[in-house]
Amino acid sequence: VDLSFSGGTAICSGSVTPSAGYGSTITVTLYRQEGSSWVYVTSWRGTATGSNTASASGSKYVGSGTFKVVSSGIIGNGLERPSKSVIRSN
């Protein structure tokens, strides 16, 4: 999962590759920190079949602040749900 900024625009991406020939789905979600809480901003979703990599990416104008991106992958019947996150400030 990756989070970068171009001016006030957050650029987010993530991917997941199954270990066997299962389909996969990934959701990449962007949050803004407000106090001690993380507030949902937006999300993107991608899907793939077989052993292909599922990826999702997008950009959103957010201005300045601290942001977190979480990528959540679902593989096959949901037996694997790898999740990764990154926090960065702009």
Return the minimal non-hydrogen interatomic distance between [X] and [Y], and the atom names on each side.
X: S59; Y: W44; result: N-CZ2, 3.5 Å
X: G50; Y: P18; result: O-CG, 3.5 Å
X: A10; Y: L3; result: CB-CD1, 4.0 Å
X: S24; Y: N52; result: OG-O, 3.8 Å
X: I26; Y: S71; result: CD1-CB, 4.0 Å
X: N90; Y: G63; result: ND2-O, 2.8 Å

Q.
Quick one about S43 and T29 (side-chain donor to acceptor, distance below 3.5 Å, no hydrogens or angles considered), yes or no?
A.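 No donor-acceptor contact under 3.5 Å links the two side chains.
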
Q.
Pairing donors with acceptors under 3.5 angstrom, does anything connect the side chains of T47 and T25?
A.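 On atom types as modelled, these side chains do not qualify, holding no pair under 3.5 Å.
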
Q) Which ILVMFWY residues are connected to V70, directly or by a chain of links, through side-chain heavy atoms under 4.5 Å apart? A)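 Members alongside V70: Y31, W38, Y40, I87.
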
Q) Can you check side chain to side chain donor-acceptor pair (under 3.5 Å) on S55 and S15, steps first, answer last? A) CA-CA 4 Å; S55 61; S15 62; over 6 Å; no

Q) Looking at CD1 of I11 and CG of L30, how far apart are the two atoms once the value is rounded to the nearest 0.5 Å? A)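 Here the rounded value is 11.5 Å.
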
Q. From T9 OG1 over to K60 NZ, what is the distance, rounded to the nearest 0.5 angstrom?
A.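 T9 OG1 to K60 NZ: 10.0 Å, rounded to 0.5 Å.
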
Q | Whether over 12 other heavy atoms sit under 6.0 Å from R45 CZ | A |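 Result for CZ/R45: open.
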
Q. Under the 3.5 angstrom rule, does the side chain of R32 hit a backbone N or O of V62 as a donor-acceptor pair?
A.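 Confirmed, R32 side chain pairs with V62 backbone.
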
Q) Are the side chains of D2 and V69 in touch, meaning some heavy atoms are under 4.5 Å apart? A)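 A side-chain contact under 4.5 Å is absent here.
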
Q: Would you indicate whether the side-chain heavy atoms of V41 and K68 approach each other to under 4.5 Å?
A: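 K68 vs V41: side chains apart.
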
